[in-house]
Amino acid sequence: MTNGSLSFDEEGVRLDLDGPLRGPKVLGQGIVGGSPEAASEAILHGRLNNGQEITLLHAQGWSVPVDEMTETWIADFALTGGLINDDTFTEMVVIFDDLMTWVDPPGMLRSDLLSSSITVETKGETLDETTLDDERTVLLISGVEGRSSDDSVHLDQWCGVKVTAADPRPVLDVLNEWARPLQDLLVVCIGRPVRLEEILLRGPGHDPRRASLKLFFKAVQPTARTRPHINSYDSPTLLTYANSPLPFSTLIAEWFSMHERLSDAITLLCGPYYAPFIYGSHRYASTFQSAEALAIAIYKRKEKNSKDHQERVEAVAAALMEADLDPEIVGWATRVIKGHNEKSLRQLMEELILSAGDTGQQVLESVPKLPDILAAARTSVAHPGGKGPGTLARYWLGEALIWILRVRLLAELGVPISDLSARVAEKSAFQDVLRELANLWPSQEERA
């Protein structure tokens, strides 16, 4: 056994050892040593000073096969509370910072009418559940945890989502395919960054009498801070568990299905919320690309069907021939237009905006030429030096697109657009966007 120090939090997992992990190499009779070399270990077991067992997954470092030489290992994941031999898991409980307020579960205090006594319900409960197409079960759960002493008791209620599956999955798949879709759903519903607070895992054969393993890994997240309630006047929240017209089973099942089908659009939309340090131009580019990916997925990218496109190509070619142009020029032009049957970025943006119901109509009433402006802004970002809206204008354009995208994604789940548009219209943040857009691009009447 080798001693050392271990640090693990959202900044990463680092193991500093006082001696070699693998031990010196035998180079010959009575000769040990060797040169440092890059090494990796799929699984490392250890025990903290307080006796707590810990497992590291996917560790990399430099092996120094000499006694009394320190080694540093960086692991992708750390699991506290037990030792495991396989990177496979069948159960996850995930807790997000805004999940409690999004769900708004029944409180933990119980009391009878006119009674002076209060009962605290500490037993966990399942609030709702559903089963996905791949037989994974998703449960919305709530419980109470705390600490006590002879003279005090402190309890906190928590809310989480439990995902279980018969087919064991490695931790990376658990994060990407189980936890990330749920975090993205909250981002789309709430309209602001959502922090991942805790992940608990169980693997095949996990002793039910033992607590789950707590997962630590390096995570890029927004800074933890006190924020307004998600249902406050100026919050951008569009959908919560309590006000959703869709039952939990439908909402979650449809979201997981859509998350796989529209992964590019959702990832590009939510990405900047996980990286608050992103530059404004990059944020706009990601938002626009999300809109472009969603528009292409929902609508046909081709402008005309094959028959109509062929007819217009032939019409242009015939007109060029009648103009008595060089056949080589006619052939070149025909080849160019034959391969171009895609809608322009302006057309895609216009279709997407119009499909957002009253929300889209209000945006277009504020700036009628918005589809052209959005496409021009994207071009100036993709090709620096080109003409297009500046940094401030791109910010408000991006904010307008985010409202459109959130409405369209939630509508794809089955939430009525009329309901969503009514909620958007009540949001002060959306009205701010409309005013800023109108100030940046005043109508001809206002300019006159």
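Taking CD of Glu292 as the start and CE of Met349 as the end, the distance is 6.0 Å to the nearest 0.5 Å. Between atom CG of residue Leu354 and atom CD of residue Gln361 there is a gap of 6.0 Å, rounded to the nearest 0.5 Å. Within the model, atoms CD of Glu125 and CG of Leu140 stand 10.0 Å from one another, a figure rounded to the nearest 0.5 Å. Once rounded to the nearest 0.5 Å, the distance linking NZ of Lys162 with CZ of Arg202 reads 7.5 Å. To the nearest 0.5 Å, atoms CG (Leu139) and OG1 (Thr130) are separated by 9.0 Å. The distance from the CG atom of Leu345 to the CD atom of Glu350 is 13.0 Å, given to the nearest 0.5 Å.
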Yes or no on side-chain hydrogen bond (donor to acceptor under 3.5 Å, both in side chains) for Ser428 and Asp234, after CA distance, side-chain angles and deciding distance?
-> CA-CA 6 Å; Ser428 62; Asp234 57 350; 5.8 Å; no
Checking side-chain hydrogen bond (donor to acceptor under 3.5 Å, both in side chains) for the pair Thr391/Tyr284: CA distance, chi angles, key distance, verdict?
-> CA-CA 9 Å; Thr391 302; Tyr284 178 78; over 6 Å; no
Do Gln431 and Gln362 pass the side chain to side chain contact (heavy atoms under 4.5 Å, CB included) test, and can you show the C-alpha distance, the side-chain angles, and the key distance before you say yes or no?
-> CA-CA 10 Å; Gln431 298 302 325; Gln362 291 184 63; 4.0 Å; yes
Could you walk me through whether Leu420 and Thr359 pass the side chain to side chain contact (heavy atoms under 4.5 Å, CB included) test, one step at a time?
-> CA-CA 8 Å; Leu420 293 167; Thr359 299; 6.0 Å; no
Given side chain to side chain contact (heavy atoms under 4.5 Å, CB included), test Tyr395 with Glu436 step by step and report yes or no.
-> CA-CA 10 Å; Tyr395 171 80; Glu436 292 294 339; over 6 Å; no
Stepwise side chain to side chain contact (heavy atoms under 4.5 Å, CB included) check, Leu374 with Leu397 | CA-CA 7 Å; Leu374 290 169; Leu397 291 172; 3.9 Å; yes
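The closest donor-acceptor contact from the side chain of Asn243 to the backbone of Leu239 lies at 3.5 Å or more, if one exists at all. In this structure a side-chain-to-backbone donor-acceptor pair under 3.5 Å is present from Arg47 to Gly51. With hydrogens and angles disregarded, a donor-acceptor distance shorter than 3.5 Å links the side chain of Ser286 to the backbone of Leu268. Ser244 places a side-chain N or O within 3.5 Å of a backbone atom of Leu246 that can act as its donor or acceptor partner. Judged by distance alone, with hydrogens and angles left aside, the side-chain atoms of Ser290 form a donor-acceptor pair with the main-chain N or O of Ala265 at under 3.5 Å. A donor-acceptor contact shorter than 3.5 Å is absent between the side chain of Glu53 and the backbone of Gly46. Here the side chain of Ser40 pairs no donor or acceptor atom with the backbone of Ala59 at under 3.5 angstrom. Panel note: side chain Glu260, backbone Ser257; no donor-acceptor pair is recorded below 3.5 Å. A donor-acceptor pair is defined here as one N or O able to donate and one able to accept, closer than 3.5 Å; such a pair exists between the side chain of Asp97 and the backbone of Arg195. Distance alone, capped at 3.5 Å, places no donor-acceptor pair between the Thr267 side chain and the Asp264 backbone.
The aromatic rings of Tyr241 and Trp102 are tilted relative to each other, their planes meeting at an angle between 30° and 60°.
Within a 6.0 Å sphere centred on NZ of Lys218, other residues, nucleotides and ligands contribute 12 heavy atoms or fewer.
In plain terms, the two heavy atoms of Ala295 and Leu348 that are nearest each other are CB-O, 3.9 Å. In terms of heavy-atom proximity, Ser235 sits nearest to Ile230 at OG-O, 2.5 Å. Shortest non-hydrogen contact noted between Ala291 and Leu401 is CB-CD2, 4.0 Å. Here the shortest heavy-atom pairing between Val363 and Leu434 reads CA-CD2, 3.9 Å. In terms of heavy atoms, Val138 sits closest to Phe248 at O-CE2, 3.9 Å. Of all heavy-atom pairs spanning Leu201 and Phe89, the tightest one is CB-CD2, 3.7 Å.
The side-chain heavy atoms of Arg406 and Ile402, taken from C-beta on, include a pair separated by under 4.5 Å. Proximity of Arg283 to Tyr273: side-chain heavy atoms (C-beta onward) are separated by under 4.5 Å at one or more points. Counting only heavy atoms from C-beta outward, the side chains of Leu186 and Asp98 never approach each other to under 4.5 Å. In this structure, Phe216 and Leu79 have side chains that are not in contact, with every pair of non-hydrogen atoms separated by 4.5 Å or more. Counting heavy atoms from C-beta on, the side chains of Trp255 and Ile266 come closer than 4.5 Å. Contact annotation: the side chain of Val93 never approaches that of Ile199 to less than 4.5 Å [non-hydrogen atoms, C-beta and beyond]. A heavy-atom distance below 4.5 Å is not found between the side chains of Leu6 and Arg14. Between Ile298 and Glu412 the shortest side-chain heavy-atom distance falls below 4.5 Å.
Residue pairs meeting the ring-ring contact (aromatic ring centres under 6.0 Å, His included) criterion with at least one member in residues 166-206: none, sequence neighbours excluded.
Side-chain contact check for Ser249 and Glu129: no donor-acceptor pair (N or O, by modelled atom type) lies under 3.5 Å. Looking only at atom types and distance, the side chain of Thr131 has no donor-acceptor partner in the side chain of Thr137 under 3.5 Å away.
Shown here are the side-chain contact (heavy atoms from CB on, under 4.5 Å) partners of Asp134, two or more places apart in sequence or in another chain: Leu132, Arg136.
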Show every donor-acceptor pair shorter than 3.5 Å between a side-chain atom in residues 81-88 and any protein atom, with sequence neighbours excluded, or say none if there are none.
from  : atom 1 : to     : atom 2 : distance (Å)
Asp87 : OD1    : Val171 : N      : 2.9
Asp87 : OD2    : His58  : NE2    : 3.0

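Just one residue in the list Ile190, Leu182, Val187 forms a side chain to side chain contact (heavy atoms under 4.5 Å, CB included) with Phe96, and that residue is Leu182.
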